[in-house]
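Indexing begins at 1, ligand by ligand and atom by atom, following the structure's order.
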Amino acid sequence: MVDLELGGETPAAETDGVWLACVACSETVAPYDDVVYRCPDCGGLLEVRYAEYPTFDDFEGTGVWRYADALPLPTGVSIQEGNTPLYTVPEIEAGVDVADVRVKHEGMNPTGAFKDRGMTVGVKVAERLGVDRLACASTGNTSAALACYGARADTEVLVLLPAGKVAAGKIAQAALHGARILEVDGNFDACLDVVAELADRGEVYLLNSINPFRLEGQKTIGLEILEQSREATGEWPDRIVLPVGNAGNTAALYKCFRELVAAGAMDEAEMPALTGVQAEGAAPMVEAVREGNDEVRRWDDVETRATAIRIGNPVNAPKALPGIRATGGTAVAVSDDEITDAQRSLARDGVGVEPASAASVAGLRKLSERGEIGADEQVVCLTTGHLLKDPDAAAAAGGDTTPVPADADGVLDAL
Ligand code: F0G
């Protein structure tokens, strides 16, 4: 059973109308008394709950903290994250049979990925808990964001990365922002197993998306998409298509919608259909959705050019699977070549993204081709990371360079 019901009685264990609840057994836990990542009773995933849920009228300002009334703390460790653009993409829209396509480009955050939204909240909670060493396992972007926000908060940061499988831009960020970088002989899932054990031993404070506070910040992607779409088209989107790794964003978007329903600001039928996309070589969520399973089978061997989503054990699946089902969404796997084609198309529309991000557009194309998306639908694709995160993949997908002599005639001859 999964308990994702909001509302009801405020438990005794709360602080300022905020508490943690287990999505498996409904146990409640005080938010800031102890460091806790999973339910102390059953080990289930925890979710942040509130005595009150805000409506759109309660929001003011810009960026993630515009939505402070939907977040556990009034302020964060902030470097102006959020307020990312919602682009039109004429070439991509022309190639699919849907009414409207927009791209929400999360690569336009301070460190070039959506992770900043989670870290502005998570690192502030770490400060409040008084922990002194932050850590994560990462395919790259989480480590870059944690290094940056940890530096801003003047706190030690440790990152565990799968050796040889992290894009150059991301390692450069973690290095320059001063994180201690450990390259693990294993894939991302193995890194997460190790860092979770370090967290259980009290050695580090874990800021992977299993930490429920991070997903609170990532909820604001949904709030921005809804507000920007209504501003641009007069309507909320029918569908949000997003790349899936640990399924943190999928879980966060579903929580965003559930809270709006609880606040009376959205009807259940208006929740955009959450549509997850994975690479064929790392698609355990797609498998679970296709087979109608309640649990996701861990894939031990994963491989894809989209290294950000090279993940075989999506830890947020118990929160995300019900979201895909309840919103009428689905999940689809795309090949690495389809990802690169989508990356090139996005680039031609002026949107530079890393491979994992392009998976969303590749997924939209595939579902549209199969007739699984209605021609009347308004769709938002989430692009999660910036082109410069993975310069090698971008160079490989782009055109070649031409050597020329240093004179105008020589340049014209070469054209
Ligand atoms: N896109 C990008 C660019 C990512 O970096 C990630 C996850 C995802 C999509 C998947 O998001 O986990 O919420 O389903 N990157 C993590 C990291 C694992 O370590 O940077 P999810």
Side-chain angles (χ1 to χ4, degrees), residues 84 104-109 111-119 135-148 159-162 165-167 169-171 173-174 179 181 184 187-192 195 206-211 214-215 217-219 221-222 240-255 274-279 282-286 296 302 304-317 319-321 323-324 331 339 343 346 352-363 381-390 393:
T84 56
K104 175 71 170 163
H105 193 13
E106 285 296 295
M108 302 298 276
N109 273 295
T111 76
F114 67 90
K115 308 287 180 181
D116 299 349
R117 294 181 187 267
M119 291 306 172
C136 67
S138 183
T139 56
N141 284 321
T142 301
S143 66
L146 182 58
C148 176
V159 304
L160 278 72
L161 309 181
K165 294 294 182 182
V166 177
K170 306 173 188 183
I171 297 189
Q173 289 178 289
I181 303 173
V184 176
N187 63 21
F188 167 83
D189 305 297
C191 293
L192 187 56
V195 79
L206 187 62
L207 273 162
N208 280 99
S209 57
I210 193 169
N211 183 318
R214 251 199 50 194
L215 297 188
Q218 289 173 212
K219 252 176 12 189
I221 300 174
I240 297 177
V241 187
L242 73 162
V244 172
N246 273 316
N249 273 334
T250 316
L253 286 169
Y254 183 41
K255 186 162 193 277
L274 288 171
T275 302
V277 187
Q278 294 191 300
M285 280 282 286
V286 176
V296 173
V302 281
T304 167
R305 198 177 293 159
T307 53
I309 51 171
R310 186 174 171 272
I311 293 173
N313 186 32
V315 291
N316 289 297
K319 294 175 172 178
L321 269 179
I324 289 174
I339 287 173
Q343 192 186 15
L346 278 158
V353 306
E354 67 165 291
S357 302
S360 60
V361 169
C381 289
L382 193 66
T383 57
T384 41
H386 197 276
L387 177 156
L388 292 172
K389 289 286 195 170
D390 192 341

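- For the side-chain hydrogen bond (donor to acceptor under 3.5 Å, both in side chains) test with Asn249, the passing option among Glu106, Arg117, Gln218 is Gln218; the others fail.
- Residues meeting the side chain to side chain contact (heavy atoms under 4.5 Å, CB included) test with Ala362, sequence neighbours left out: Val334, Glu338, Ala342.
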Between ligand 1 and the protein, tabulate every N or O atom pair separated by less than 3.5 Å, reporting distance only.
from	atom 1	to	atom 2	distance (Å)
ligand 1	1 (N)	Thr384	OG1	2.6
ligand 1	5 (O)	Asn141	ND2	2.8
ligand 1	12 (O)	Asn246	N	2.8
ligand 1	13 (O)	Gly248	N	3.0
ligand 1	13 (O)	Asn249	N	2.9
ligand 1	14 (O)	Gly245	N	2.7
ligand 1	14 (O)	Asn246	N	3.3
ligand 1	14 (O)	Ala247	N	2.8
ligand 1	15 (N)	Lys115	NZ	2.8
ligand 1	15 (N)	Thr139	OG1	3.4
ligand 1	19 (O)	Ser138	OG	2.7
ligand 1	19 (O)	Thr139	N	2.8
ligand 1	19 (O)	Thr139	OG1	3.4
ligand 1	19 (O)	Thr142	OG1	3.1
ligand 1	20 (O)	Ser138	OG	3.4
ligand 1	20 (O)	Thr139	OG1	3.4
ligand 1	20 (O)	Asn141	N	3.0
ligand 1	20 (O)	Thr142	N	2.8
ligand 1	20 (O)	Thr142	OG1	3.1

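- Defined by atom type and a distance below 3.5 Å, a donor-acceptor pair is missing between the side-chain atoms of His105 and Thr84.
- Remark: Lys115 pairs with no residue by the salt bridge (charged side-chain N to carboxylate O under 4.0 Å, His left out) rule, at least two apart or across chains.
- At a threshold of 4.5 Å between non-hydrogen side-chain atoms, the residues Leu207 and Leu146 count as touching.
- With sequence neighbours left out, Arg310 forms a salt bridge (charged side-chain N to carboxylate O under 4.0 Å, His left out) with Glu303.
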